[in-house]
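Read through the structure below, which is laid out as structure tokens, and then see the notes.
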Amino acid sequence: MSGYDPKAIEAKWQAVWADERTWEVANPGQSGFAQDKPKSYVLEMLPYPSGEPHVGHLKCYAVGDAIAHFRRRHGFEVIHPMGYDAFGLPAENNAIKTGEPPREATERSIESFRRQFREWGISIDWSRELGTHTPEYYRWTQWIFLQLFERGLAYRTEAPVQWCPKDATVLANEQVVDGRCERCGTPVEQRRLEQWFFRITEYADRLLADFDLLESWPEHVITMQRNWIGRSEGAEVTFRCEEADLDFPVFTTRPDTLFGATFFVLAPEHPELERLIAGTPGEGPVREYVNRVARESAEERGDEERPKTGVPLGRSVVNPVNGEEIPMFVADYVLMEYGTGAIMAVPAHDARDYEFARAFGLPIRRVIEGEDPEMARDEDGLPYPGDGPMAGSGRFDGKDNREAYEEIVAWLAEDGRGRSAVNYRLRDWLVSRQRYWGAPIPVVYCEACGEEGAPAIVPVPEEQLPIELPAVEDYAPQGRSPLAAAEEWVATECPRCDGPARRETDTMDTFVDSSWYFIRYLDPRNAKAAWDPAAADHWLPVDQYIGGVEHAILHLMYARFFTKALADLGHLSVQEPFANLFTQGMITRDGAKMSKSKGNTVSPAEYVQRYGADTARTYICFMGPPERGGDWSDEGVEGVNRFLSRLWRLCEEVEGRGDSDLGAAREGCARPLLAKAHWAIDKVTRDFQRGFQFNTAIAAVMELVNEAYRLKDGLYGEPGGAAAVRLATATAASLVFPFAPHLGAEVWQRLEGGRVWEQAWPQADPDLLSSDTVTLVVQVNGKLRDRIEAAADASEAELLELARASEKVRRHLDGKQVVKEIVVPGKLVNLVVR
RNA sequence: GCCGGAGUGGCGGAAUUGGCAUACGCGAUCGACUCAAAAUCGAUUGCCCUUACGGGCUUGUGGGUUCGAGUCCCACCUCCGGCACCA
């Protein structure tokens, strides 16, 4: 007898799957299209190919693969593709450091990922493989950009960006760590630069409303997105500055507190600030303050703890509800990005305004009665953010503030001083990067077509796509995109007037690439279109999406936005890309997040080498509920390896035994083992359906294998005994196949012949699930006193009689009176005594 | 501060509809096999009292509902994640 040899078994089946292209599926209209099968699109988030795959990848693809196999064996035609999110910073930073072109490092990493995915035995349709960095792919990323541009959903405007003065480059928000440049540690500054945006804010309401269209998403992901979009209902109210002849609209969620406004604050970046102060005595200090704020990092500015700062403008605005003139300030606690960049300050009912008023000696006027001891900072009980009756608000006095809210808004709306309004925290998506390793933005700038000295933005015609990335020598950005150095590439002809024009040198955020890859998988070799609508109609939406929760907001919301925009443009017929979402938890080691610097990383390749992919995959699924994290344990891996080895030994032992009389097994003493097998079928099936409870599913297969071990030696001599052990072993193989596909396939082939993945998922036999007898639990006053075997169909009276007959029960009834009898048929009897 | 999630043996975790708390795995102890070790197989393993039979206690803390609560309700504590000067 040879031992369990995962290397040989795994290589054998991987070769079969590769040679026979087992997991490839055809599109509608292609030969081999499965017309009569329902489809299922199972998708894991595509990897970012940098270095080698880590254990998080293994978990994601092990979980997704288990789901894919489970669905296939339930009769679904499963599409399960793979690709690489290949543009982005690690390859580029490596290029800056070593001079190696990003494409080379990326291709090397992709090769490693591809090889390991095969070694893991993931059931991928390799005919659909793609990389977002190939011209065949980013050609269509550029096409989508143009589609959005035509529709007005892509636009260029000046915006504040994060700037690293040392590296002389714009940084993505993700590259700013604690207010410093990720690469060199220099504190970042804010600058205003022309940038490209996608108008995701136009979809804010639909992104909120269409949560209803989703079948099953984790509640916390929906909540996180909802908070990120941050919809607030309130009013826009206009305050007028007569001296400067300017109107200042503000957004407020508390129009009921308008009478309590005692000052007015502009954000330091407010565009009208310069006009307001030009030529006034306060000009100097205001400029000085604004400049100081501009140098602050986002981190510093966002600190709620630090004292409020600001400078008076020497100007005032009129409060539209009472005609009162209130002074204007500039202060950095007001943000330009939210609302209108200006606020009415109501210190009595807003903690921040209160703090500012205290610091600057400004009046605080209560307009709502009430007190919140948690919030109150003075003997008047202010600030008070809650509800209550109105005061100091003219004709609204005494009214409930929620009622007055509506009346005040309606009253202001009569003569245009205000209106009800909705505001979002969500901002438009800044997609341009002054970076090399990304998809070039497909527009050119033409002076001749422009007006008033500003060049025209001319989209590149679709038939000229892709705009390929030029080769450059130096990948380090120096205040402009590295692409700007490719002068021959930059200088081009205007598609509109054929005159000289310059190419856009910014590239797109990599999140753009990954916002539509799941559609390209459906038609990945199409050279005439991004996808064939028939293919998209057939396969979309993704039935099950699997990935890390770290993408709960950005990637998932961008992909939802793209889907909606593309549907509006007539290219898709679904509103939501991912019907069901599963977010897997992070694996830690020694209780800490894995990192190279801590030296606590787990290399999947090492474990696959030592124990085989089946062990590594099954262990990951057994660690705990996959949506939760878990701490890696080498002993745990050994335990799972022991389990698979036991299954293997069982197979070898029973393989040579010819007994196949299952009928005899069923009626004889082998019945309990058959019953255990069917119990396991039922358990694993339900655990899959109940939110992928793989840990308990695997535990059930372990129980089945343990039971077979316990019973086998006693069964071999009995009629049908060996047949029962064989069935139990084959069933265990069949059930473990989604986690340990190689071993599952091998054991099945040896015992039953044929291919386990072509077998329908087993069905539990109800007759074997039920038993003639049940264990009756007997309690006295709710405490367990005895367990009695009882007939499953015994009546309540019979059960009571059995319970009272028990010696152990009697002992606790002695000298007491039974005041109540609870009988749960088939389960328990509880006698209440006094 | 706001919004989510979680607290169960020495450890990871199980308990599906309010009904046997601690499945399965790890670790530990003992035994078989062996010259020996590894591997493997078998047994024991929540805590306390008891030689035993048996009894008591136990799901973060405190209360409540119920014949019966890990599960439901109220209050609180701790940890993790997200957002955060968002008007």
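Order of the sequence lines sets the chain letters (A, B, ...), proteins ahead of strands, with each chain counted from 1. These values consider heavy atoms only, across backbone and side chains, with no hydrogens, waters or symmetry-generated copies. Note that the structure is predicted; figures quoted are calculated from it, not measured.
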Return yes if the base of [N] and the side-chain atoms of [X] contain a donor-acceptor N/O pair under 3.5 Å, otherwise no.
X: A/Asn830; N: B/rC67; value: yes
X: A/Lys308; N: B/rC85; value: yes
X: A/Lys683; N: B/rU16; value: yes

Would you kindly give the [atom1]-to-[atom2] distance between [X] and [N], to the nearest whole Å?
X: A/Lys783; N: B/rG19; atom1: NZ; atom2: P; result: 18 Å
X: A/Arg427; N: B/rC83; atom1: CZ; atom2: P; result: 13 Å
X: A/Glu707; N: B/rG42; atom1: CD; atom2: C1'; result: 15 Å
X: A/Trp648; N: B/rC41; atom1: CH2; atom2: C1'; result: 20 Å
X: A/Tyr354; N: B/rC85; atom1: OH; atom2: C1'; result: 17 Å
X: A/Arg628; N: B/rA6; atom1: CZ; atom2: P; result: 8 Å
X: A/Tyr338; N: B/rC83; atom1: OH; atom2: P; result: 17 Å
X: A/Met224; N: B/rG5; atom1: CE; atom2: C1'; result: 11 Å

Centre-to-centre under 6.0 Å for [X] and [Y], is that the case here?
X: A/Phe688; Y: A/Phe70; answer: yes
X: A/Phe248; Y: A/His270; answer: yes
X: A/Tyr607; Y: A/Trp632; answer: yes

request  = State the syn/anti category of B/rG9 according to its glycosidic angle, syn meaning within 90° of 0.
outcome  =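 Syn for B/rG9; the angle stays within 90° of 0.
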
Partner nucleotide of [N] by Watson-Crick or wobble geometry (both distances under 3.5 Å):
N: B/rA43; answer: B/rU29
N: B/rG68; answer: none
N: B/rC53; answer: none
N: B/rA14; answer: none
N: B/rG9; answer: none
N: B/rA38; answer: none
N: B/rC20; answer: none
N: B/rA75; answer: B/rU61

Expressed as a whole number of Å, how far does the [atom1] atom of [N] sit from that of [M]?
N: B/rC48; M: B/rC2; atom1: C1'; answer: 45 Å
N: B/rC47; M: B/rU58; atom1: C1'; answer: 7 Å
N: B/rA15; M: B/rG7; atom1: P; answer: 11 Å
N: B/rC67; M: B/rA28; atom1: C1'; answer: 40 Å
N: B/rG13; M: B/rC80; atom1: P; answer: 15 Å
N: B/rG60; M: B/rG10; atom1: P; answer: 13 Å
N: B/rA36; M: B/rA32; atom1: P; answer: 11 Å
N: B/rA39; M: B/rG19; atom1: P; answer: 42 Å

Within the pair [X] and [N], is there a side-chain N or O less than 4.0 Å away from OP1 or OP2?
X: A/Arg646; N: B/rU40; value: no
X: A/His349; N: B/rA87; value: no
X: A/Arg649; N: B/rC41; value: yes
X: A/Ser645; N: B/rU40; value: no
X: A/Arg690; N: B/rA15; value: yes

query = So, is the end of the A/Lys308 side chain (NZ or CZ) under 6.0 Å from the ring centre of A/Phe356 and within 45° of the ring's axis?
reply =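 No - A/Lys308 does not lie over the ring of A/Phe356 by the 6.0 Å and 45° rule.
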
key: NZ or CZ of A/Lys712 within 45° of A/Tyr716 ring axis and under 6.0 Å   =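 So A/Lys712 doesn't make the cation-pi contact.
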
Atom pairs under 3.5 Å: protein N/O with N/O of nucleotides 21-30 of chain B:
from	atom 1	to	atom 2	distance (Å)
B/rA23	O2'	A/Glu703	OE2	2.8
B/rG25	OP1	A/Asn706	ND2	3.0
B/rC26	OP1	A/Arg642	NE	3.0
B/rC26	OP1	A/Arg642	NH2	2.9
B/rG27	OP2	A/Arg642	NH2	3.3

task = Run through A/Phe582, A/Tyr619, A/Phe622, A/Phe739 and flag the one making a ring-ring contact (aromatic ring centres under 6.0 Å, His included) with A/Phe694.
result =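 Checked A/Phe582, A/Tyr619, A/Phe622, A/Phe739 against A/Phe694; only one passes ring-ring contact (aromatic ring centres under 6.0 Å, His included): A/Phe739.
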
Return yes if a side-chain donor-acceptor contact under 3.5 Å exists between [X] and [Y], otherwise no.
X: A/Thr775; Y: A/Glu789; value: yes
X: A/Asn706; Y: A/Arg646; value: yes
X: A/Asn641; Y: A/Tyr4; value: no

ask   = Is A/Val334 touching bases, backbone alone, or none of the nucleic acid, heavy atoms closer than 4.0 Å?
value =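 Base contact - A/Val334 has a heavy atom under 4.0 Å of at least one base atom.
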
inquiry  = With a 4.0 Å cut-off on N to O distance, would you call A/Asp256 and A/Arg402 a salt bridge?
reply    =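 Salt bridge between A/Asp256 and A/Arg402, a charged N being under 4.0 Å from a carboxylate O: no.
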
Could you please name the option among [options] that lies closest to any side-chain atom of [X]?
X: A/Thr252; options: B/rC3, B/rG19, B/rA87; value: B/rA87
X: A/Tyr709; options: B/rG54, B/rC83, B/rC41; value: B/rC41
X: A/Lys808; options: B/rG54, B/rC67, B/rG13; value: B/rG54

key: Toward the 5' end of RNA chain B, by each residue's nearest nucleotide, A/Lys827 or A/Arg306   =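 In this pair, the answer is A/Lys827.
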
ask   = In terms of the nearest nucleotide of RNA chain B, which residue is placed more toward the 5' end: A/Met623 or A/Ala342?
value =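 Final value for this comparison: A/Met623.
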
message = Please determine whether side chain to side chain contact (heavy atoms under 4.5 Å, CB included) holds for the pair A/Leu258 and A/Met344, giving the CA-CA distance in whole Å, both sets of side-chain angles, and the decisive distance to 0.1 Å.
response = CA-CA 8 Å; A/Leu258 263 162; A/Met344 64 167 201; 3.3 Å; yes

